[in-house]
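What follows is one structure encoded as C-alpha cells, with my remarks underneath.
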Amino acid sequence: MTDQLLIGLLFASVISLFSLFARLLTPGGAFAQFGLGTILLGLGGWKWTVPMLVFFILSSIISRIGKSRKTSAEGFFEKSSRRDAGQVIANGGIAGAITLIWHFAGTDSLYIAYLGAVAAATADTWATEIGTLSRSSPMLLTTLQRVEAGRSGAVSFMGTAAGLAGSAVVFFSGIWWLHDTFPGIAVFVVLGGIFGSTVDSFLGATVQAQYECRICNKITERSEHCGKKSTLLKGVRQLNNDAVNLLCTASGAASAWFAIEFIA
Ligand SMILES: [Zn+2]
C-alpha cells in the first residue's frame, strides 16, 4: 500500500467517525463517506479532496443554521438533515468516479469536470437550504407559478444567489491547483454549478416523484409520511431526490468539461 493511500484511509476514517458522532451522517452515510474519502485523498490527493471537504463542511454548517427556521418545510423534504448513504453517493459519487478515472487515465481537464460536479452539488444544496428560508414564495421553473417553499423544482432569487455563491466558493477552494491554467476557468466551474442545479430544478418540476401524505395531505418528496406510505401524485417512482441529485452533479461535471474542451 502506498503512503498516499494509507493517509487517505486514515483521514477518511477520522472524518467519517466525526460525521457519525456529530450526527451529520447516518451509519450508512458515514460508511459511504469513508469510501469516497479514501478514493479522493488516497488516489487523488489534497487537490481532489479539499473542494469536496469544503462542500461538506460548509453545507453541514448551513443546514444546521437553517434547521430551526425551516421546521415547517422539513416535512416536505424526502430526508431529514442527517444524510444517509444515498445522499452521500448522490452528491459525491460522480466526483469520486471522476477522481478514479483521472487516477488511471491522468487527463488534466478532468479536474474541471470534478469541480463542476462539486459546484453543482454545492449550488443545489445551498439553493435548497437558503431558498427555503426566503420569505417570498418561490416559482416553479417550468410554469413560473408561485408555489410553497421547498417544493421540488421551485426556484427563488435568494436560492439562485446562494447557488452562485456556492459555485464560486468551490472554484476558490481549487484555485491553489489552478493558478497556472486558463484564468477563465472560474466561469466554467460556476457554469457547471448553475447548469447542474438548473437541471435539478427542471427534473424536480417535471419527472421527480412527488407524493401526497394520506394522513396530513401534505405534498412531499417522501414515499412515506406520518408513518404511512404516501400516494404517488406525479412523476416517476424511481426518480427520487437522490437520483435527481446524481443527475444534477453529472450535468455539472459534463457541462464544465464540455466548456473547457470545446470552448476554451
Ligand atoms: Zn403527513
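Counting begins at 1 with the first residue of the sequence.
Residues Val54 and Phe172 have side chains not in contact (no heavy-atom distance under 4.5 Å, counting atoms from C-beta outward). No side-chain heavy atom of Val88 sits less than 4.5 Å from a side-chain heavy atom of Asp84. Side-chain contact check for Lys228 versus Cys226: every heavy-atom pair is 4.5 Å or farther apart. Residues Val50 and Trp177 have side chains in contact (heavy-atom distance under 4.5 Å, counting atoms from C-beta outward). At least one side-chain heavy atom of Trp46 sits under 4.5 Å from a side-chain heavy atom of Leu41. When side chains are defined from C-beta on, Ser251 does not count as touching Cys248, because their heavy atoms never get closer than 4.5 Å. Residues Gln33 and Ile15 form a side-chain contact, since some pair of their non-hydrogen atoms from C-beta on lies under 4.5 Å apart. No side-chain heavy atom of Trp48 sits less than 4.5 Å from a side-chain heavy atom of Leu43.
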Original post:
Which is it for Leu239 and Leu203 under the side chain to side chain contact (heavy atoms under 4.5 Å, CB included) test, yes or no, and what are the steps along the way?
Top reply: CA-CA 9 Å; Leu239 274 175; Leu203 294 175; 5.7 Å; no
**OP:** List the steps, then state whether side chain to side chain donor-acceptor pair (under 3.5 Å) holds for Thr231 with Glu212.
**Re:** CA-CA 5 Å; Thr231 313; Glu212 187 177 7; over 6 Å; no
**OP:** Kindly indicate, with the supporting measurements, whether the criterion side chain to side chain contact (heavy atoms under 4.5 Å, CB included) is fulfilled by Leu232 and Arg237.
**Re:** CA-CA 7 Å; Leu232 185 69; Arg237 199 176 287 279; 3.7 Å; yes
**OP:** Decide yes or no on ring-ring contact (aromatic ring centres under 6.0 Å, His included) for Phe188 and Trp257, but give the supporting numbers first.
**Re:** CA-CA 8 Å; Phe188 300 135; Trp257 188 79; over 10 Å; no
**OP:** List the steps and the verdict of side chain to side chain donor-acceptor pair (under 3.5 Å) for Glu261 and Ser109.
**Re:** CA-CA 8 Å; Glu261 285 290 307; Ser109 63; 2.9 Å; yes
**OP:** Apply the test side chain to side chain contact (heavy atoms under 4.5 Å, CB included) to residues Thr99 and Tyr114: give CA-CA distance (whole Å), side-chain angles for both, the deciding distance (0.1 Å), then the verdict.
**Re:** CA-CA 7 Å; Thr99 307; Tyr114 163 84; 3.9 Å; yes
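No path of Ile, Leu, Val, Met, Phe, Trp and Tyr side chains, each step under 4.5 Å between heavy atoms, connects Ile39 with Ile89, placing them in separate hydrophobic clusters. Phe195 and Val244 fall within a single hydrophobic cluster, where Ile, Leu, Val, Met, Phe, Trp and Tyr are joined by side-chain heavy atoms under 4.5 Å apart, directly or via other members. Hydrophobic clustering places Ile260 together with Val118 (ILVMFWY residues linked when any side-chain heavy atoms are closer than 4.5 Å, directly or through intermediates). Residues Val236 and Ile219 do not share a hydrophobic cluster, defined by chaining ILVMFWY side chains whose heavy atoms lie under 4.5 Å apart. Cluster membership check: Val14 does not share its hydrophobic cluster with Leu6, using side-chain heavy-atom separations under 4.5 Å among Ile, Leu, Val, Met, Phe, Trp and Tyr.
Scanning both residues, Ala154 and Val147, for their nearest heavy atoms gives CB-CG2, 3.7 Å. What you find for Leu9 and Thr38 is that their closest heavy atoms are CD2-CG2, 3.8 Å. When all heavy atoms are compared, the tightest approach of Leu24 to Ser60 is CD2-CB, 3.9 Å. Between Phe11 and Leu53, the shortest heavy-atom distance links the atoms CZ-CD2, 3.8 Å. Residues Val189 and Ser167 approach most closely at CG1-O, 4.2 Å, considering heavy atoms. Nearest heavy atom pair, residue Ala123 against residue Gly163, reads CB-O, 3.4 Å.
Summarising the geometry, atom OG1 belonging to Thr160 is positioned 7.0 Å from atom CD1 belonging to Ile194; distances are rounded to the nearest 0.5 Å. Atom CG in Asp3 sits 6.0 Å away from atom CD1 in Ile7 (nearest 0.5 Å). One finds the NE2 atom of His225 at 4.5 Å from the SG atom of Cys216 (value rounded to the nearest 0.5 Å). For the atom pair Thr49 OG1 and Leu40 CG, the distance stands at 5.0 Å (nearest 0.5 Å). How far CG of Leu178 is from OH of Tyr111: 6.0 Å, rounded to the nearest 0.5 Å. We find the CD1-CD1 distance between Ile62 and Ile57 to be 12.5 Å, quoted to the nearest 0.5 Å.
A donor-acceptor pair is defined here as one N or O able to donate and one able to accept, closer than 3.5 Å; such a pair exists between the side chain of Ser230 and the backbone of Arg222. Judged purely by atom type and a 3.5 angstrom limit, His103 has no side-chain atom pairing as donor or acceptor with the backbone of Gly44. Gln208 places no side-chain N or O within donor-acceptor distance of the main-chain N or O of Ala243, the cut-off being under 3.5 Å. No side-chain donor-acceptor contact under 3.5 Å links Arg146 to the backbone of Met139. In this structure, Ser59 contributes its side chain and Phe56 its backbone to no donor-acceptor pair below 3.5 Å. Checking side-chain atoms of Ser134 against main-chain N and O of Ile130 turns up no donor-acceptor pair under 3.5 Å.
Applying the side chain to side chain contact (heavy atoms under 4.5 Å, CB included) test between Ile185 and each of Val190, Ile175, Ile112 identifies Ile112 as the sole match.
Within 6.0 Å of atom CZ in Phe202, 12 or fewer heavy atoms from other residues, nucleotides or ligands are found, so the atom counts as exposed in its surroundings. Heavy atoms of other residues, nucleotides or ligands lying less than 6.0 angstrom from NZ of Lys234 number more than 12.
Under the 3.5 Å distance criterion, with hydrogens and angles disregarded, no donor-acceptor pair is assigned to the side chains of Trp102 and Thr107. Arg83 and Thr26 share no donor-acceptor pair across their side chains, judged by distance under 3.5 Å alone. No hydrogens or angles considered: nothing links the side chains of Gln87 and Asp242 as a donor-acceptor pair under 3.5 Å.
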